[in-house]
J.: 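Take this structure first; my questions come after.
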Amino acid sequence: MKAQTLRGFRDYLPEEMLAKDQMLATIRRVFELHGYPPLMTPALEYASVLLGKIGDEEEMLLYRFLDHGERDVALRYDLTVPLARVMAQHGGLQMPFRRYQIAPVWRAEKPAKGRFREFLQCDVDLVGVDNAVADSEMLLIGCFLLDALGVTGYSLRVGHRGILAAMIAWLGIEGGKAERDFLRTFDKLKKIGPDRFKVEIDRLLGLGGEKVDALLALAGDSGSTSEILGRLGEELGEEAAEPLGRLEEVFALVDGAGYSDHVKIDVTIARGLSYYTGIIYETFLDDMSDYGSVLSGGRYDQLIGSLSGKEFPAIGISLGVDRLFSALKEMGILAQKSSPADVLVVQFSESKARSSVQLAQRLRDAGISALLYPTAAKLKKQFQFANNLQIPYTAVIGEEEERTGTLQLKVMESGEQFQLSLEDAVKRILSGGGGQ
RNA sequence: GUGGGUAUAGCUCAGCUGGUUAGAGCGCCUGGUUGUGGUCCAGGAGGCCGAGGGUUCGAGUCCCUCUACUCACCCCA
């Protein structure tokens with residue numbers, strides 16, 4: 001046996017999990033602050049539930065096998081299809097239905113940097129409403145979330161599938177493949193620049209000249225949001241009127257909530273997934289543009305209906321938990337700790353074990369995370385342990401302390417040491433910011 | 001999926017055109033200091049050189065296969 005994880009799968013060691021769990025706690029808090037409850041669904045689904053709702057390419061990415069009862073099963077590859085299954089399977093759900101779900105998903109694709117075969121996906125969705133209030137709620141959750149995580153420089157770029165459809169008509173593009181090629185290339189415009197865009201669009205679709213120049217001018221982001229929307233309306237005409245009107249409403253609501261600085265229109269946002277039908281958005285970090293979108297989603301009014309047979313307009317956000325985590329780590333806005341403990345209770349000698357165990361328990365009773373060193377190792381070793389794990393305090397009960405009913409509390413960072421009663425030590429730790 | 005790169009100690013890496021017992025820094029362990037960490041000093045442990053096969057008198061070094069990682073494209077989270 002060789003100790004080895006499968007390709008594309010990985011371990012998350014305690015130091016990383018401590019920081020990641022803290023980030024996830026913030027994410028959950030933000031969702032619940034918006035009134036969204038959690039949902040949990042099985043990792044395994046009938047393959048028939050997952051198949052057919054996704055493209056042929058995605059079918060190749062399924063981990064699929066026969067279980068012991070010869071059932072054709074597969075690991076979920078996203079959280080949207082399970083949501084749709086839940087909507088179809090459980091009657092009597094209060095509408096509009098909201099939920100968030102943070103759970104691993106599996107895709108058997110080739111791993112790359114920041115891309116794994118098992119990864120944590122985080123989705124928040126609102127089902128049953130198709131209007132500007134619902135659209136803006138998603139954008140506001142995204143902004144609120146990044147603010148809560150301590151991110152300052154970010155922009156949520158908002159587009160609309162209806163505008164893209166109008167552009168396709170305006171350009172005279174016809175056929176499914178041509179449309180997909182256009183969307184994929186247009187989506188990359190910001191990344192590859194206008195020159196390479198022209199080359200690509202000419203190669204794929206044979207488009208060039210004035211029409212493409214006009215398109216590039218139309219896709220520009222100069223001017224205010226309403227100016228941009230007006231420009232699009234004039235050029236694209238009646239076909240784009242409804243989506244543009246929706247965006248105008250959405251931007252007004254976002255502005256009213258005080259988040260207009262972070263939300264910008266960007267008609268080049270296309271999104272890879274084909275099931276989007278309305279507003280779509282991606283989020284980029286100012287200082288970490290090479291990370292790509294960390295938070296994205298859109299409106300998909302047909303998908304759930306196609307699975308459940310009932311009409312379910314829906315809108316959602318997917319969060320790239322691992323990608324966002326890496327970015328936050330690189331930006332240095334995640335707490336770096338190696339242990340959840342506030343205090344290391346040092347075991348002075350084996351004869352003091354009773355006092356040490358008792359002390360650790362009392363500290364925990366007071367709400368302080370206390371770690372007891374499990375052996376009466378040399379004091380040097382125990383203090384070094386606290387140092388390496390960045391535990392802020394150590395507490396020792398030796399001969400003197402046992403006799404007087406006190407303890408030695410040491411502040412590791414400064415090296416200061418005090419002989420205190422338990423009560424005073426608790427107060428000191430809690431006021432020192434190391435508590436909770 | 002296509003094309004390139006990498007794989008040597010826990011970590012980051014040296015190891016020249018194949019040539020004795022494979023090195024460094026950091027980390028780890030022990031001691032200097034049997035009531036105290038971060039600094040310093042001394043000593044020590046730890047490697048079938050990713051796995052398997054081949055060429056050779058001889059392979060960490062060259063060739064092939066596999067596995068894993070990585071960069072670009074593709075696609076996404």
Side-chain angles (χ1 to χ4, degrees), chain A residues 1-10 13 15 54-58 60-61 76-80 101-123 180-181 183-185 187-188 191-192 196 200 204 270-274 282-284 290-297 316-327 344-352 356 373 376-403 406-419:
Chain A
M1 195 280 311
K2 189 178 173 188
Q4 184 182 34
T5 48
L6 282 164
R7 178 173 172 78
F9 289 71
R10 46 170 309 203
L13 297 178
E15 196 167 343
I54 50 182
D56 293 342
E57 273 183 42
E58 281 95 351
M60 305 292 287
L61 304 180
R76 64 171 167 237
Y77 81 110
D78 78 354
L79 300 177
T80 307
Q101 185 166 8
I102 303 172
V105 301
W106 295 267
R107 293 181 193 176
E109 64 186 326
K110 184 174 177 178
K113 186 179 177 66
R115 197 159 146 209
F116 302 93
R117 286 179 169 169
E118 176 186 63
F119 62 94
L120 208 54
Q121 177 132 342
C122 170
D123 278 21
R180 281 194 301 276
D181 284 343
L183 289 178
R184 199 171 335 114
T185 313
D187 191 45
K188 287 195 291 190
K191 190 178 165 190
I192 64 177
R196 273 183 63 194
E200 279 287 291
L204 287 166
R271 306 284 299 133
L273 295 169
S274 52
E282 299 198 330
T283 311
F284 298 90
D290 52 321
Y291 269 98
S293 175
V294 293
L295 188 156
S296 50
I317 298 180
S318 272
L319 189 61
V321 176
D322 294 288
R323 187 179 280 182
L324 183 58
F325 177 74
S326 303
L344 176 78
V345 175
V346 170
Q347 208 180 140
F348 187 78
S349 67
E350 281 179 26
S351 65
K352 303 287 175 298
S356 299
Y373 199 90
K378 289 196 170 194
L379 294 184
K380 175 179 173 136
K381 194 179 173 71
Q382 300 191 50
F383 276 88
Q384 195 161 55
F385 180 83
N387 194 51
N388 290 348
L389 262 57
Q390 300 163 63
I391 298 171
Y393 296 94
T394 51
V396 186
I397 294 183
E399 299 293 346
E400 168 74 12
E401 293 76 22
E402 194 165 68
R403 196 167 56 244
T406 57
L407 59 93
Q408 282 288 336
L409 184 73
K410 181 166 185 169
V411 185
M412 292 302 283
E413 197 181 341
S414 64
E416 297 172 284
Q417 202 161 313
F418 309 93
Q419 186 166 351

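Note on naming: letters A, B, ... go to the chains in the order of the sequence lines (proteins, then strands), and numbering restarts at 1 for each one.
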J.: Indicate, with a heavy-atom threshold strictly under 4.0 Å, whether Lys352(A) touches base, sugar-phosphate, or nothing.
T.: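 No contact at all - Lys352(A) keeps every heavy atom at 4.0 Å or more from the nucleic acid.
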J.: Counting distance alone, no hydrogens or angles: does the base of C76(B) have a donor or acceptor under 3.5 Å from a partner atom on the side chain of Arg323(A)?
T.: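 Side chain to base: pair present.
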J.: Decide yes or no for Ile397(A) and Phe348(A): does some side-chain heavy atom of the first lie under 4.5 Å from some side-chain heavy atom of the second?
T.: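 With C-beta onward as the side chain, the pair stays apart.
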J.: I want to check one thing: is the phosphate of U36(B), taken as OP1 and OP2, less than 4.0 Å away from some side-chain N or O of Asn387(A)?
T.: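 Looking at the OP1 and OP2 atoms of U36(B), neither is under 4.0 Å from any side-chain N or O of Asn387(A).
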J.: Which base, if any, makes a Watson-Crick or G-U wobble pair with C48(B), both distances under 3.5 Å?
T.: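 Looking at the geometry, C48(B) pairs with no nucleotide.
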J.: Going by ring centres under 5.5 Å and near-parallel planes (under 30°), is Phe119(A) stacked on A77(B)?
T.: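 Base of A77(B): stacked against Phe119(A).
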J.: Counting only Watson-Crick pairs (N1-N3 plus N6-O4 or O6-N4) and G-U wobbles (N1-O2, O6-N3), all under 3.5 Å, who is the partner of U17(B)?
T.: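 When the pairing criteria are applied, nothing turns out to pair with U17(B), so the answer is none.
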J.: Taking any strand in view, what nucleotide pairs with C62(B) in a Watson-Crick or G-U wobble way, both distances under 3.5 Å?
T.: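 G54(B) - that is the nucleotide pairing with C62(B), both distances being under 3.5 Å.
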J.: Can you see which heavy atom on Val321(A) is nearest to which on Cys122(A), and at what distance?
T.: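 Nearest heavy atoms, Val321(A) then Cys122(A): CG2-CB, 3.5 Å.
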J.: Heavy atoms only: give me the nearest Met412(A)-Phe383(A) pair and the separation to one decimal.
T.: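 Looking at all heavy atoms of both residues, the closest pair is CE-O, 3.6 Å.
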J.: How would you label the contact of Asn388(A) with the nucleic acid (heavy atoms, under 4.0 Å): base, sugar-phosphate, or nothing?
T.: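 The answer is sugar-phosphate, as Asn388(A) gets under 4.0 Å only of primed atoms, P, OP1 or OP2.
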J.: Between Arg7(A) and C69(B), is there a contact of a side-chain N or O with OP1 or OP2 at under 4.0 Å?
T.: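 Yes.
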J.: For C29(B), take OP1 and OP2 only and decide whether either is under 4.0 Å from a side-chain N or O of Lys381(A).
T.: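 Lys381(A) to C29(B) OP1/OP2: side-chain N or O found under 4.0 Å.
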J.: C76(B) phosphate, OP1 or OP2: any side-chain N/O from Lys110(A) under 4.0 angstrom?
T.: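 Negative; the distance criterion is not met.
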J.: With a 3.5 Å limit on both atom pairs, tell me what G43(B) is paired to, counting Watson-Crick and G-U wobble, or say none.
T.: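 When the pairing criteria are applied, C29(B) turns out to be the nucleotide that pairs with G43(B).
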J.: Salt bridge check, Glu399(A) against Lys352(A): does any charged N sit closer than 4.0 Å to a carboxylate O?
T.: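 The answer is yes: the pair qualifies as a salt bridge.
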J.: Once you apply a heavy-atom cut-off of 4.0 Å, does Gly297(A) come out as touching a base, just sugar-phosphate, or nothing?
T.: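 Nothing, no nucleic acid heavy atom in range.
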J.: Using the P atoms only, state how far G1(B) lies from C40(B), rounded to an integer number of Å.
T.: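 The answer is 50 Å between these two P atoms.
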J.: Does the structure show a Watson-Crick or G-U wobble partner for A22(B), both distances under 3.5 Å? Name it, or say none.
T.: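 Across all strands, not a single nucleotide pairs with A22(B).
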J.: Measuring only the P atom in each nucleotide, how far is U30(B) from C48(B)? A whole number of Å is fine.
T.: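 To the nearest whole Å, 23 Å.
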J.: Categorize Glu401(A) for me: base, sugar-phosphate, or nothing, with a 4.0 angstrom heavy-atom threshold over every strand shown.
T.: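 Here Glu401(A) touches the bases of the nucleic acid.
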J.: Can you tell me whether the side chain of Gln382(A) and the base of U36(B) have a donor-acceptor pair closer than 3.5 Å?
T.: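 Under the 3.5 Å cut-off, the side chain and the base do not form any donor-acceptor pair.
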J.: Measure across Asp123(A) and Ser318(A) and return the closest heavy-atom pair with its distance rounded to 0.1 Å.
T.: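 Result for this residue pair: OD1-OG, 2.7 Å.
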J.: So which one's nearest nucleotide on RNA chain B is more toward 5', Ser296(A) or Gly398(A)?
T.: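 Nearest-nucleotide comparison on RNA chain B picks Gly398(A).
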J.: What is the base-pairing partner of G35(B), counting Watson-Crick and G-U wobble geometry with both distances under 3.5 Å?
T.: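 Check on G35(B): unpaired, no WC or wobble geometry under 3.5 Å.
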J.: Please determine if a side-chain N or O atom of Lys378(A) lies less than 4.0 Å away from the OP1 or OP2 oxygen of G37(B).
T.: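 No.
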J.: Is there a donor and acceptor pair closer than 3.5 Å between the side chain of Lys410(A) and the base of U36(B)?
T.: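 Side chain to base: pair found, below 3.5 Å.
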